Amino acid sequence: MTRRFDKVLIANRGEIALRILRACRLLDLETVVVHSEADRAAGYVGLADQAVCIGPPPAARSYLNPAALLLAAEATGAQAIHPGYGFLSEDAAFAERVEACGLTFIGPSAASIRTMGDKIAAKRAMQAAGVPCVPGSEGALPDDAAAVGRIAATVGYPVMIKAAGGGGGRGMRVVRFASELADALAITRAEARRAFANPDLYLEKFLERPRHVEIQVLCDAHGTELWLGDRDCSLQRRNQKVVEEAPAPGIDRDLIARIGERCAEACRQLGYRGVGTFEFLYEDGAFFFIEMNTRLQVEHTVTEMTGGLDIVQKQIEVALGEKLALTQADVTLSGHAIECRINAEDPVSFAPSAGRITRWDLPGGPGVRVDSHITCGDVVSPHYDSLIAKLVVHGADRRDALERARAALSEMKVEGISTNIPLHRDILQDDAFRAGGVTIHHLEERLAQGRAR
Ligand code: ADP
């Protein structure tokens with residue numbers, strides 16, 4: 001049988017480029033890795049069947065340059081493009097261009113990306129599928145500040161003003177009192193116009209002490225829509241996840257199953273294809289949808305460890321047009337997994353740390369997995385995200401996973417640059433984190449206490 005494609009261009013870098021490359025190899029697909037001038041010597045580049053330099057180090061001139069990527073695909077005869085996460089992975093116009101060139105975009109349709117990229121449209125789609133959302137305005141806010149004031153009063157302060165096109169933690173503002181509303185509206189609207197080319201705003205209840213819990217989905221083009229489990233990603237700093245785990249501790253499994261089924265139903269209604277993540281805030285025993293990510297996520301690994309699935313392989317199989325050989329009943333979760341994001345950064349100031357790695361000792365043993373593109377002697381470039389490794393552990397239960405993470409971190413030794421390994425060691429000794437179920441503010445509160453001591 002001829003396959004839809006047999007050569008994949010990996011339009012990303014670092015650990016996820018290597019992760020995708022490994023999945024392609026298992027499927028007997030040829031690989032093309034693109035790289036900037038800064039990544040020329042990276043080990044994973046040498047593992048690919050072909051490598052193409054697509055530009056100078058700044059991402060805007062390499063990994064974010066659609067024309068360079070498409071030219072590389074044409075030159076190498078790659079018939080599919082995997083965008084990974086970040087960069088162009090949620091760029092609907094790029095997905096469209098890839099398909100217009102007769103190539104396969106390994107992801108959902110451009111229409112799905114576009115719908116979910118507009119948070120008002122996304123919320124509407126979720127409500128239609130019975131996915132619970134944060135209470136708030138119906139659709140976009142009117143221009144008239146007095147009318148918005150009436151909506152805010154009905155929802156109840158504090159509220160959050162959000163830009164429909166916002167992302168990466170930008171374009172949102174908490175409003176605690178009616179007297180602050182008009183200014184917050186004006187500032188957020190100006191920001192939305194400038195940064196997102198979409199002036200629409202909406203408003204929702206601001207939740208004070210939520211957890212971040214998300215649901216992984218996987219769908220094919222033949223009517224199979226599955227949810228693969230939940231993850232708790234509450235341990236964050238400046239909206240960046242630091243530790244993720246699966247399953248989310250201390251939440252009623254029946255409730256999670258009901259939410260998971262609503263997510264699968266939403267995918268059915270949307271005709272969604274590929275992998276995706278429904279992000280929720282969880283507070284006082286209830287789930288509230290905030291957004292959907294239409295791509296592979298960094299933390300897909302913890303779901304792989306508990307579900308025994310290769311999610312990237314499945315994602316590519318779906319793009320090949322294959323029917324998933326899985327039903328919801330086949331998705332069973334076992335044990336507990338924790339991922340520590342190891343970043344090249346100062347563990348106290350969090351300033352990025354670039355330079356040559358002179359020691360790179362990785363942990364091992366049962367239930368320990370390290371996803372990393374780094375080898376000793378590599379130079380960490382200041383041009384990109386500081387993620388250098390994902391340390392993922394799997395244990396029989398949460399306690400076991402915590403012990404494995406602690407033991408693994410004690411074995412991991414990196415020199416030449418600074419890393420946040422000391423922060424992870426500290427987190428694993430934190431009683432509140434060990435007990436499970438901390439809020440999204442916990443890590444920052446703990447860091448603030450540490451500075452005050
Ligand atoms: P982005 O696309 O910018 O990541 P999200 O809608 O995912 O935007 O929100 C980012 C973060 O902002 C959330 O993880 C949460 O910490 C906070 N947040 C968003 N909406 C609310 C809300 N209604 N109440 C409290 N916090 C919120």
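Remember, it's a predicted structure, so these values are computed and weren't measured experimentally. When a ligand or atom number is given, it counts from 1 through the structure's own listing order.
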Ligand 1 atoms nearer than 4.0 angstrom to some heavy atom of Glu279 are 7 (O)
How far apart are the closest heavy atoms of Thr115 and Ala121, and which atoms are they? O-CB, 3.7 Å
Taking atom 19 (C) of ligand 1 as the reference point, the nearest protein heavy atom with its distance: Lys162 NZ, 3.3 Å
Considering only the protein, which heavy-atom contact is closest to atom 5 (P) of ligand 1, and what is its distance? Lys119 NZ, 3.7 Å
Tell me which protein heavy atom sits closest to atom 26 (N) of ligand 1, plus the residue, atom name and distance to 0.1 Å. Phe206 CE1, 3.6 Å
Tell me, which protein residue and heavy-atom name are nearest atom 4 (O) of ligand 1, and how many Å apart are they? Glu291 OE2, 3.3 Å
Of all the non-hydrogen atoms in the protein, which one sits nearest to atom 21 (C) of ligand 1, and at what distance? Met160 SD, 3.3 Å
Counting only heavy atoms not in Arg253, do more than 12 fall under 6.0 Å of its CZ? yes
Checking side chain to side chain donor-acceptor pair (under 3.5 Å) between Thr277 and each of His300, Glu291, Arg231, Glu214, which is the one that passes? Arg231
Under a 3.5 Å distance rule, please check whether Glu244 uses its side chain to pair with a backbone N or O of Lys241 as donor and acceptor. no
From atom 10 (C) of ligand 1, work out which of Glu208, Glu283, Met172, Gln240 has a heavy atom at the shortest distance. Met172
Does Leu207, backbone or side chain, put an N or O under 3.5 Å from an N or O of ligand 1? yes
Under 4.0 Å from a heavy atom of Leu281: which atoms of ligand 1 are those, numbered in the order shown and with their elements? 21 (C), 22 (C), 24 (N), 25 (C), 26 (N), 27 (C)
Which residue is it: Val380, Asn420, Val242? I am looking for the one with a side-chain contact (heavy atoms from CB on, under 4.5 Å) to Asn343. Asn420
Main chain of Pro132, side chain of Arg262: is a donor-acceptor contact present, judged purely on distance under 3.5 Å? no
Could you go through the side-chain contact (heavy atoms from CB on, under 4.5 Å) check for Thr419 and Ile417 one step at a time? CA-CA 7 Å; Thr419 74; Ile417 56 160; 4.2 Å; yes
Enumerated ligand 1 atoms positioned under 4.0 Å from heavy atoms of Ile440: 15 (C), 16 (O)
Give me the nearest non-hydrogen protein atom to atom 3 (O) of ligand 1 as residue plus atom name, then the distance to 0.1 Å. Gly169 N, 2.4 Å
Using a 4.0 Å heavy-atom cut-off, which part of Lys205 comes near ligand 1: side chain, backbone, both, or neither? backbone
Phe288 ring center within less than 6.0 Å of Tyr282 ring center: no
Below 4.0 Å from any atom of ligand 1, is there a heavy atom belonging to Gly167? yes
Given the options Ile357, Ile342, Leu362, Ile374 meets side-chain contact (heavy atoms from CB on, under 4.5 Å) only with Ile357
Using a 4.0 Å cutoff against the non-hydrogen atoms of Asn239, which atoms of ligand 1 qualify? 11 (C), 16 (O)
Of all the non-hydrogen atoms in the protein, which one sits nearest to atom 13 (C) of ligand 1, and at what distance? Ile290 CD1, 3.8 Å
So which atom in Arg398 and which in Phe433 form the shortest heavy-atom distance, rounded to 0.1 Å? NH2-O, 2.8 Å
